[in-house]
Structure formats: structure tokens, C-alpha cells
Number of protein chains: 2
Amino acid sequence: MNSEFVIAVHSLVLLAYRPDGMATSEEIAANVCTNPVRVRKVMSCLRKCGFVDTREGAGGGYKLCRRPEEVTLADIYRALAAGSLAPSWCSGNPEMNCVVGSNMGEVMNAVFCGADRQLEMYFEQITIGQMLSRVKAKQEA
Amino acid sequence: MNSEFVIAVHSLVLLAYRPDGMATSEEIAANVCTNPVRVRKVMSCLRKCGFVDTREGAGGGYKLCRRPEEVTLADIYRALAAGSLAPSWCSGNPEMNCVVGSNMGEVMNAVFCGADRQLEMYFEQITIGQMLSRVKAKQEA
DNA sequence: ACGATCTGTAATTGATATGATTACAGTATC
DNA sequence: GATACTGTAATCATATCAATTACAGATCGT
């Protein structure tokens, strides 16, 4: 799995946790434990997909622009990690003179596409709001 | 996804395709399009898990020792790619003085464990025998 | 017994991917 | 116009991945 997915989810949960729903890349980076540039890169993508508003300049930062309950992990997965399941490496070769060797690549690819859909269905059931609830529940325990 | 998973599946399908169910690491490597050492490493693991028999020495090689219909991709996934879904990179820090930052790691981990189970359920439905059928079907098309 | 053939494994190398850092242009606020 | 942000490119260090080389151990055929 793409680690940008983790950063995106963490960031959105943090924004949902904030009373005003806002934070700068520096604040988010400190909370996520990474550097601000990486956060900005991920958040820039989330802005293009309509999950956050960004304001440049002094007093700016990022703001969640959807209700936490209506944003699912599947939305985020699709935005910046879709298809990451299939390995870059591919076996076989279509030019090969063997039923197995020449067709395995295509068949394997179909298997991974199915796995991707399966994963997406799972992520569909988890919202940013739920993630925030789970995090709070840990604290009480 | 681990590319060793791909090699393992491809190799087992090739063995299932062979009339005598046998092949050497060199033959498999040529079909998979990789080198024999990598194949042997993967097959060595499959032997330990009881999917293939190996015979060293002249005339040796690997032999499928289960019926293709009873070996699922989930078996192979568990054998050499389980838990590969969670990214090595981990956000947050348990020592942190913030509900979100300190607990996100654990919550995220639980999410990925669930995703792993989901993936395993999907792979449970696909057997080596089915993979061989799919490959053959491509040829006819 | 001996040479040929095969697996099992460790070690090395080169290529690619990943994450941190630096740098700086653009923009909004005070 | 000084300050405080985002947006993005470029660079560097490190980790991971895959290929290759090397060689010990096992088995077969003769």
C-alpha cells in the first residue's frame, strides 16, 4: 500500500478533530511524523479531488470541506492509491510460445483488478468520522 | 503485492499444466521470465508449506503434490505474502501528546489487518486449477 | 566411483523506489 | 511591504528489488 494513503487518512482525521477543521502543513506534518513538503503534496491532491479547501498566505492552511461521515477510505484510496495492489513486476511474456507463459500476465492482471475492487469495497465501509471515533475510543481504553 | 506471490502462482500453474506435473527451476524461470535462483527461492518456500515435492540431482526438479483444484491463491498468499498490504511506513507516534497522533498508528494497523483478511477471502475463491482454465480460455479467444 | 545435472543458499552488484531536505516562486493577510 | 502560508522542482541518502555469480550438497546414469 502507498504510504501517501496513510498520510491522507491521518491528515483528514486530524482536520476532522480540530474544532475549526483547519491546520497548516507544518502542524499536520508534526502530527503525522513526516515533513511538511510531503504533506502539501498529498493535500494538494486531496484539494483537486474536492476533499479539502486550501488557503495560501498568512493564516492559511487546509480545511476539510466535507462532513467526516461522508468521506470514506475508498474515496481516498481511489484518489491516490488505486491499482497499487498489482506488483510492478510482471511474469510471462505475450510473445512466448506457451499457453501458460503467454497468457499468465493478462490473467494475473485480471486477478489483481478483482482484488483491487474487493479492497475498495472494504474501504467503502470505513469513514473518516469512524476513524476519528476509533482513535478517541483508544484514548479512553 | 509481493512479486514472489506472482512467481509462485505462475510456477504452480505451469506444473499443473505439465502432463507429469514436473519442471526444473530453469524451465520454470524461462516461462516466468526471471532467473532460476529466484524461482528456487520461491519453490523452496512452497516445498516447506507442502505444495510441491523437490528432487535434487540429475532428473530432479519440482513436482506439484496437491490437486490443482484444492490449492487456492489464499494458500499461496498466506505462505509468502501475508501482511504485505500494510505499508512499511507508519504515521504518528504513541508517545505523542495528541489523541489523533498517538493512536492513529494502532487504528491504521487494525484497518490494514482487516483489509488483509478481505483480500485473503477473495483469494480463497480462486484455485490453481481455475487459473489454468483461464489461461487456456485466453488461448482459444 | 565418477561425471553430469539439479536444488539450496549466500554474497555481490546495479537499478529503482522511497522519504527527507533544500530552495524558491506565488499568494494572501496584516 | 513584511510575514506566513501553499505549490512544486530538484537533490540526496537510504532501502528495496531483481539479476547474477559462486559454490556446497544431493541424486542419477553409466
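Comparing atom distances between the B:V37 side chain and each of C:dA10, C:dT7, D:dA19 picks out C:dA10 as nearest. For B:A58, whose side chain is taken as the heavy atoms from C-beta onward, the closest listed nucleotide among C:dA20, D:dC28, C:dA28 is D:dC28. Looking at the side chain of B:Y62, the nearest of the listed nucleotides C:dT7, D:dA18, D:dT20 is C:dT7. Each of D:dT20, D:dG7, D:dC5 was ranked by its minimum atom distance to the side chain of A:T24; first place goes to D:dC5. The B:R55 side chain lies nearest to D:dC28 when the options are D:dG7, D:dC28, C:dT9. Proximity note for B:E56 (side chain, C-beta onward) versus C:dT7, D:dT8, D:dA4: the nearest is C:dT7.
The interatomic distance linking A:R40 (CZ) with D:dA9 (C1') rounds to 12 Å, in whole Å. The distance between atom CG of B:L46 and atom P of C:dT7, rounded to the nearest whole Å, is 14 Å. Note: CE (A:M1) to P (C:dA17) measures 18 Å, nearest angstrom. For the pair A:E27 CD and D:dA4 C1', the interatomic distance rounds to 12 Å; values are reported in whole Å. The CD atom of A:E26 sits 13 Å away from the P atom of C:dT22 (whole-angstrom rounding).
Regarding contacts with the backbone of C:dA20, a side-chain N or O of A:R38 is found under 4.0 angstrom from either OP1 or OP2. Between D:dT6 and A:R47, no contact under 4.0 Å exists linking OP1 or OP2 to a side-chain N or O. Of the side-chain N and O atoms in B:T54, none sit less than 4.0 angstrom from OP1 or OP2 of C:dC6.
For the pair A:E4 and A:G59, nearest-nucleotide mapping onto DNA chain C gives the more 5' position to A:E4. Nearest-nucleotide positions on DNA chain C place A:N35 closer to the 5' end than the other of A:N35 and A:G57. Nearer the 5' end of DNA chain D, as judged by each residue's closest nucleotide, is the contact made by A:G60, out of A:K48 and A:G60.
Under 3.5 Å, the side chains of A:Y77 and A:N2 contain no donor-acceptor pair of N or O atoms.
Looking at heavy atoms from C-beta onward, A:Q130 lies out of side-chain contact with A:Q125 at the 4.5 angstrom threshold.
Ion pair B:R38/B:E4 not flagged as a salt bridge, since none of the NZ, NE, NH1 or NH2 atoms sits closer than 4.0 Å to an Asp/Glu carboxylate oxygen.
Across all strands shown, B:S3 has heavy atoms under 4.0 Å from sugar-phosphate atoms exclusively, and none from any base. Across all strands shown, B:T34 has heavy atoms under 4.0 Å from sugar-phosphate atoms exclusively, and none from any base.
Of all heavy-atom pairs spanning B:V99 and A:V135, the tightest one is O-CG1, 3.1 Å.
Taking the six-membered ring where the residue is Trp, the centroids of A:F123 and A:F5 are separated by under 6.0 Å.
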